[in-house]
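For ligands, and for the atoms within them, numbers begin at 1 and follow the listed sequence.
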Amino acid sequence: MGSLIQWYPGHIAKAERALREQLKQVDLILEVRDARIPLASHHPQMAQWARGKQRLLVLNRVDMIQEGDRQRWSQWFSRQDEVPFFTNAQRGQGIRMLQNAALKAGTTINQRRQQRGMQARAVRAVVLGFPNVGKSALINRLLQQRVAESAARPGVTRQLRWIRISPILELLDAPGILPANLQDQQAAIKLAICDDIGEAAYDPCRIAPELVALLKDLKQEHRLKDRYDLAVGDRSGESYLYDLAQQRYHGNLERAARQLLQDYRRGQLGAIALEQPPPSRLGNEQ
Ligand SMILES: Nc1nc2c(ncn2[C@@H]2O[C@H](COP(=O)(O)OP(=O)(O)OP(=O)(O)O)[C@@H](O)[C@H]2O)c(=O)[nH]1
Ligand SMILES: [Mg+2]
């Protein structure tokens with residue numbers, strides 16, 4: 001099978017250069033991932049960018065997963081010594097806690113500056129993550145007003161922009177960032193399903209069957225039956241899409257594929273996490 005997702009490394013290289021330049025002025029990173037795919041939406045360069053800075057991990061779109069998923073991920077991350085903040089940037093859930101953590105980090109950073117004889121100043125934080133994960137919506141929530149443009153498609157934020165959210169915190173709204181290459185095709189497919197892939201190109205007719213297959217793996221295929229009144233049974237993803245197109249879209253595969261993806265993205269199939277925490281390695285459990 002060839003590569004399902006096509007990348008535009010030119011754009012990415014340019015955006016990355018601008019970001020690297022800005023990062024020199026940044027004290028704190030708010031790393032935003034998609035709660036439906038916390039591993040696939042982890043940017044491989046994040047650790048490098050966060051070196052020497054403070055970092056807060058945000059799993060946004062918490063409303064798009066089940067409470068049980070949230071708890072499992074919370075436990076899994078805490079075993080990795082990470083404290084994720086689960087947020088719904090659209091409605092505001094979890095924002096207060098994140099705001100307090102950011103302000104606390106800001107205070108610590110300023111104390112350190114003063115100890116080194118430097119002037120206290122507003123702490124500079126950047127919101128980083130894949131396209132469309134909700135970075136701008138998160139900033140608007142943190143500010144309690146709409147200053148950053150946020151919309152239901154990837155690639156909305158085009159330029160880096162500073163926004164002051166309190167006398168001690170300034171936030172940088174950054175465009176979504178994609179890795180220059182994504183070795184892991186399974187991760188790329190999940191990013192495409194979740195619409196977190198921005199300007200990369202893919203064929204919905206090849207991605208929708210992958211969603212069906214994933215839902216089967218996750219034992220969530222009943223969601224498809226509930227929505228389309230067509231059971232998956234032992235069909236492959238491709239043959240389910242084909243039959244769905246026959247049944248509801250006059251055989252138009254592309255329409256069926258787009259509808260399936262859109263229904264998942266809009267939560268019409270229900271709140272469904274596409275990743276579960278990997279099992280801890282034996283002997284690694286505390
Ligand atoms: N259901 C749900 N929708 C969200 C959440 N956060 C953001 N959204 C929606 O997702 C869409 C994308 O949000 P943006 O804030 O534009 O995302 P972004 O990461 O800034 O996107 P780019 O600038 O394109 O990289 C918007 O329609 C938001 O309303 C969330 O927690 N839950
Ligand atoms: Mg944005």
Side-chain angles (χ1 to χ4, degrees), residues 7-8 11-12 14-16 18-19 22 29-38 40-43 45-46 49 56-67 69-70 73-74 84-99 125-163 165 170-179 182 188 190-202 223 261-275:
W7 247 243
Y8 295 108
H11 289 279
I12 297 164
K14 194 165 156 238
E16 257 189 44
L19 176 66
Q22 291 278 354
I29 291 180
L30 303 188
E31 176 189 356
V32 186
R33 299 194 206 170
D34 188 326
R36 295 170 295 178
I37 47 170
S41 62
H42 165 64
H43 196 292
Q45 261 157 284
M46 196 57 72
W49 291 327
L56 295 172
L57 175 61
V58 182
L59 298 188
N60 189 43
R61 299 186 181 276
V62 67
D63 55 305
M64 303 186 91
I65 65 171
Q66 303 284 331
E67 172 57 22
D69 300 318
R70 192 191 68 75
W73 277 113
S74 193
F85 291 84
F86 288 89
T87 56
N88 173 351
Q90 209 170 46
R91 294 283 159 85
Q93 187 189 340
I95 298 292
R96 183 63 62 82
M97 274 179 74
L98 174 64
Q99 185 149 32
V126 66
V127 182
L128 289 186
F130 276 80
N132 209 36
V133 294
K135 300 175 297 299
S136 298
L138 193 74
I139 289 180
N140 290 337
R141 276 285 162 188
L142 287 167
L143 270 161
Q144 295 170 317
Q145 53 177 295
R146 203 183 143 88
V147 289
E149 193 188 347
S150 157
R153 57 185 152 56
V156 172
T157 302
R158 292 278 164 185
Q159 282 178 342
L160 290 148
R161 198 156 75 90
W162 285 104
I163 298 161
I165 73 161
E170 275 177 19
L171 273 183
L172 183 62
D173 186 14
I177 34 165
L178 291 170
L182 204 59
K190 288 176 188 160
L191 288 162
I193 291 171
C194 293
D195 204 14
D196 293 342
I197 208 134
E199 304 198 12
Y202 52 86
R223 312 279 199 147
L261 291 172
Q262 191 185 81
D263 283 350
Y264 174 70
R265 292 165 181 172
R266 293 196 179 159
Q268 306 283 359
L269 301 179
I272 312 171
L274 292 186
E275 281 180 346

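Applying the 4.0 Å criterion to heavy atoms of G176 picks out, from ligand 1, the atoms 25 (O). Taking a cut-off of under 4.0 Å to the non-hydrogen atoms of S136, the atoms of ligand 1 that pass are 15 (O), 18 (P), 20 (O).
The backbone N or O of Q93 lies less than 3.5 Å from no partner atom in the side chain of N88, so there is not a single donor-acceptor pair. With hydrogens and angles ignored, the 3.5 Å screen pairs a side-chain donor or acceptor of R265 with a backbone N or O of I193. Counting only distance, with no hydrogens or angles, the side chain of D173 and the backbone of I139 share no donor-acceptor pair below 3.5 Å. When atom types are taken as modelled, the side chain of R153 and the backbone of D195 share no donor-acceptor pair closer than 3.5 angstrom. Looking at K135, its side chain does come within 3.5 Å of a backbone N or O of F130 through a donor-acceptor pair.
For atom 30 (C) of ligand 1, the closest non-hydrogen atom on the protein side is N88 OD1, 3.4 Å. Among all protein heavy atoms, the one lying closest to atom 11 (C) of ligand 1 is A151 O, 3.4 Å. In this structure, atom 19 (O) of ligand 1 lies nearest to the protein heavy atom K135 NZ, 2.6 Å. The nearest protein atom to atom 13 (O) of ligand 1, hydrogens excluded, is given as S150 OG, 3.6 Å; this is a heavy-atom distance. Remark: minimum distance from atom 6 (N) of ligand 1 to any protein heavy atom is reached at N60 ND2, 3.0 Å.
Of the N or O atoms in A137, one or more lie within a sub-3.5 Å distance of an N or O in ligand 1. Residue contacts with ligand 1: V156 is placed with a nitrogen or oxygen under 3.5 Å of a nitrogen or oxygen of the ligand (distance criterion only). An N or O contact shorter than 3.5 Å links V133 to ligand 1 by distance. Not one N or O of P175 is nearer than 3.5 Å to an N or O of ligand 1, by distance alone. Any N or O atom pair closer than 3.5 Å counts here, and G134 shares at least one such pair with ligand 1. Considering backbone and side-chain N/O atoms, L138 never comes within less than 3.5 Å of an N/O atom of ligand 1.
Taken from CG in L274 to CD1 in I37, the straight-line distance is 7.0 Å, to the nearest 0.5 Å. Residue Q45 holds its CD atom at 11.5 Å from CG of L178, rounded to the nearest 0.5 Å. For the atom pair CD of Q22 and CG of L172, the computed distance is 5.0 Å after rounding to the nearest 0.5 Å. With rounding to the nearest 0.5 angstrom, the CG atom of L138 is 11.5 Å from the CZ atom of R61. Separation of atoms CG (L56) and CG (L98) is listed at 6.5 Å; rounding is to 0.5 Å.
Selection from R153, R61, R141, Q90 by nearest heavy atom to atom 10 (O) of ligand 1 gives R61. If you check each of G129, A35, A89 against atom 31 (O) of ligand 1, the one with the closest non-hydrogen atom is A89. The heavy atom nearest to atom 2 (C) of ligand 1, out of those in I95, D63, N132, is found in D63.
Annotation for W49 and I29: closest pair O-CD1, 3.6 Å, computed over non-hydrogen atoms.
Here N132 does not reach the Mg ion (ligand 2): none of its N/O/S atoms is less than 2.8 Å from the metal.
The part of P154 lying near ligand 1 is the backbone, judged by heavy-atom distances below 4.0 Å.
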